[in-house]
Every structure is written in C-alpha cells, then in structure tokens.
2 protein chains.
Amino acid sequence: MSTSSSYHHGNLRTELLDAAGEVLEKRGLGALSLREAARRAGVSHNAPYRHFANREALLAALAAEGFAELGAALGRAGGREAGASYVSFALTHPQRFRLMFGGLVSIDAHPELREQATRTFDALRRSFAGSGPPEGAAHAAAAAWSLVHGLAELLLNGHLRRAAGEDPVAYVSNVIGTVQFAAAPGCGD
Amino acid sequence: MSTSSSYHHGNLRTELLDAAGEVLEKRGLGALSLREAARRAGVSHNAPYRHFANREALLAALAAEGFAELGAALGRAGGREAGASYVSFALTHPQRFRLMFGGLVSIDAHPELREQATRTFDALRRSFAGSGPPEGAAHAAAAAWSLVHGLAELLLNGHLRRAAGEDPVAYVSNVIGTVQFAAAPGCGD
DNA sequence: GGTTGAAGTTGACAATGACAACATTACTTT
DNA sequence: AAAGTAATGTTGTCATTGTCAACTTCAACC
C-alpha cells in the first residue's frame, strides 16, 4: 500500500535509520552524513529533516536502537551470562556500541534516547546486582558493570592481546573469572 | 627571538596543539576544526597543513599527548594507586580520554601515536600485573585494567550514581575495593 | 650574494549541515 | 464527496569545513 506514489515514501524514518546503521557499521561514524542516508533511501538531501531535527538527532535515534537491542540481549541471557552477553553485543556492533557510550551524543539532550537508555541501564544494574549482598551491593554492581564495560571497550580497540589460539569467548570468561566480589560467598569480606 | 617577523611563526605546531587541546576540552571534538585551530593561532587556514597531513593527524597528535600524560601520571603514582590515577586522569581530561579510547582515530594508522600508546600500554600492563601470580597474571591484569577503564568511562558518562555526599575519590576506591583478584593473597585459589 | 627548501599565504572546489520557500499528498471535517 | 489543512518531500541557497594547487617570504647554506 505504502508504495503507491513515489513522492511520499511512507516509511522513510525507518529506512533512514537502516541506511544510517549500515553506513555506521561499515564505514564508521565519520562517513555517516544525513545526505548519505538520504541518498541511500533514494530521497532528496533535505527529506531527513522531516524526521530528525538535525544530524545529532539521527545519531541519538541510532543509539536508542542500540540500547534497546542491548537490553533485549541482556534479557535473553540469564543474569549469570549478562557479562558475556554485554561483551558479545559490543563486539558484534562495535560502531554502534561506541556511538552509545562514546559521549558524542548527549543522552540527556534527547528524551527518547534518555528513556530507552534509562530502561536498559536499570536492566543492567539489575543484572549486575546479584554479585553481592545488600551492604556493598551498589558498589559491587558498579564494579561488575565497570569490569564488563571496560573489557568490551579494550577488546574493541584491540588493546588486550589474548594468547594464541585462545577462544575469544573463553578469554572473556577467563578474564571475568579472575575477579571475585568482596562479599561473594566463598571469599572473606 | 622567534617573534621577529610575523610570517614564520616559529612555534606553530605546538601552538596548534595547544589551541586544539583547548577547543577539544572546552567545546568538544565536534567543534574542533583545523581552521578553528589556525584561527586561534593567528595563522591562515592552510598553515596547519605544513605540520599535520590532515585533520586526523592532528587528532592523532592530541591523542599521543594524552597517552604521554597518562603514562606520566601512572609513573608518578605507585603501582598501588594506578587505578585511582587512571580514573583521575579520565575525569580531569574527559574529552582527551575519549579521543584516546573512542576509536575515532586509528592508533595503528599513526606511527607516532602508535609508539606512544604502546609505551603507555606497557606501563599500564606493568602497573596492573601486580594483582596476581604468574599463572593467571595476564588475565588478572586484563581484568584490573578493564575494571578501571570501565569505571572511568561510566563515570565520565554519568552512568554511575554514587550515594549523596559520597566523595568521588572514595567512591572509586570503594568500587575498586569490592573486587579481589582470584589469586591475590588472602582469598581462595 | 644567490639558491634552495621549509613554513605561510591566497585562492579554489566539493561535500556537508542547515534554513527557507515551494510542491504534493494524506487526513479530517463537514 | 469537496475543501482545507498539515505532514512529507523537493529545490534552492548559504556558511563552514577539509583539502589541493600555486604563489610568497624568509632563513640557512654554499
């Protein structure tokens, strides 16, 4: 139905996001312009402005998509594999992950992004809160999230060299396995 | 001496880096253009090209400066306070830190940056290697670095909320304090 | 003293983000 | 169903930017 005429696209916002997402992952953030997205969607250079206030708004929408997907991935995985799932998301969508956490788009400046991010962060804190008892819970959860987030970033940037032949997945679980949270059962406070 | 004529600046590269660094921290990476740096250095729009091949080369030089400074800070602090020192650097120079680890400049593509980064990374691994015995050393060091790096990033982005009135420095050490590395003395194998 | 090359300048061009004015279509409201 | 209105896309334009090319100035060396 939507394809009747060629003037009104009918689905442009979504297609712009798809096109932009592809450019983002394949050619990086620097190559991602509103005009390029418009070109790929087969639409005039100014059409995107009907759906996004400016370039940053498009980036914010991309980031929001990313947070939604990350949240879904965390939901799928049990609390136990949350860490592996987080790292896996980052390695599967490196540019998206950087966009989400790179600080280039202010989360607070974009309400829709803010809401989605908040939802995902809450899920995250919940996932990582199981690591300790109430007293140090907040700190331990922060540590767990930090560990996993840092691991993702450093892997993404190629700063961690794993031994030859070491499985990436195994590496992640090995690294995570070296730490214990202070109040976790089996290790004194 | 150097200020004799106004044609040959004599110190342009350094001044461009200083100007660019200021723009970077105060207005963010997006506002940092070669032309803006040139303007601030009181020089024509194309003068920077005598010192930097392109915009990315300038960014690479800024990142290299950052790595040098981070390395120095780590050297000043003992191995014990390496973590706090790392986080402190990130919080003091947020934009610089993001530039260094944001993946926007390819480290490998810029030899000078690559060398400086390698030096600093080696120092880093050394700092964080003290956390465990040889067998799991690499993994434990990776975990320590990841923890600290993630903590820095998440703090930078305002994703970790510390309790009201909790000192930032104390918070960092509290969070770090919740983890113990598997083979560290005082905790099971 | 003249030559040469590094460091800076002016001038140009294409790409981009953004604004304004206009065109076309869809939806609502009788 | 007809008209009016707002949403969606288009064309035109402009300032800014990165980058290339050609020219100029100056300092160091023979």
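Reminder, nothing fancy here: chain letters follow the sequence lines and each chain counts from 1. This one's a predicted model, so the numbers in the text were calculated from it and none came from an experiment. Below, all heavy atoms of this structure are taken into account, side chains as well, without hydrogens, waters or symmetry copies.
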Exercise for review: Grab the CG-C1' distance between A/Leu12 and C/dT24 for me, whole Å please.
Suggested key: 15 Å
Revision key, fill the gap. Hits for ring pair (Phe, Tyr, Trp, His ring centres under 6.0 Å) against A/Tyr49, two or more places apart or cross-chain, chain-then-number order -> none
Review point. Side-chain N or O of B/His51 less than 4.0 angstrom from OP1 or OP2 on C/dG8?
Key: yes
Exercise for review: Determine yes or no for a side-chain-to-main-chain donor-acceptor pair under 3.5 angstrom, with B/Arg96 supplying the side chain and B/Glu25 the backbone.
Suggested key: no
Practice item. Take atom CG of B/Leu58 and atom P of D/dT17, then tell me their distance rounded to the nearest Å. Key: 14 Å
Check your understanding: Of all the choices, D/dT10, C/dA18, C/dG8, which nucleotide is nearest to the side chain of A/Asn54 once you look at every atom?
Key -> C/dA18
Review point. Expressed in angstrom and rounded to an integer, what is the separation of B/Arg13 atom CZ from C/dG8 atom P?
Key: 12 Å
Check your understanding: What is the distance, rounded to the nearest whole Å, between atom CZ of A/Arg50 and atom P of D/dT11?
Key -> 14 Å
Exercise for review: Using atom types as modelled and distance alone, determine if a side-chain donor or acceptor of A/Thr92 lies under 3.5 Å from a backbone N or O of A/Ser88.
Suggested key: yes
Practice item. Find the distance A/Leu16:CG to C/dG17:C1' and express it as a whole number of Å. Key: 15 Å
Review point. Between A/Ser85 and A/Ala77, is there a donor-acceptor pair closer than 3.5 Å when you use the side chain of the first and the backbone of the second?
Key: no
Review point. Does the side chain of A/Tyr49 get closer than 4.0 angstrom to OP1 or OP2 of C/dA18 through an N or O atom?
Key: yes
Show the distances under 3.5 angstrom between N or O atoms of the protein and N or O atoms of nucleotides 12-16 of chain C.
| unit_1 | atom_1 | unit_2 | atom_2 | d |
| --- | --- | --- | --- | --- |
| C/dT16 | OP2 | A/Arg39 | NH2 | 2.6 |

Residues 138-147 of chain B side chain polar contacts: donor-acceptor under 3.5 Å, at least two apart:
| unit_1 | atom_1 | unit_2 | atom_2 | d |
| --- | --- | --- | --- | --- |
| B/His139 | NE2 | A/Glu166 | OE2 | 2.8 |
| B/Trp145 | NE1 | B/Tyr86 | OH | 3.1 |
| B/Ser146 | OG | B/Ala142 | O | 2.8 |

**Study point:** Nucleotide D/dA7, atom C1' - distance to CG of A/Asn11 in whole Å
**Key:** 15 Å
Review point. Any side chain to side chain donor-acceptor pair (under 3.5 Å) pairs touching residues 67-77 of chain A, not counting sequence neighbours?
Key: A/Glu69-A/His93
Could you list all N or O pairs between the protein and nucleotides 4-6 of chain D that sit under 3.5 Å apart?
none

Review point. Counting heavy atoms not belonging to A/Glu81, are there more than 12 under 6.0 Å from its CD?
Key: yes
Check your understanding: Should A/Arg40 and A/Val23 count as side-chain neighbours, where that means a heavy-atom distance under 4.5 Å?
Key -> yes
Exercise for review: Can you sort out the partners of A/His159 under ring pair (Phe, Tyr, Trp, His ring centres under 6.0 Å), two or more places apart, ordered by chain and number?
Suggested key: B/Phe101, B/Phe121
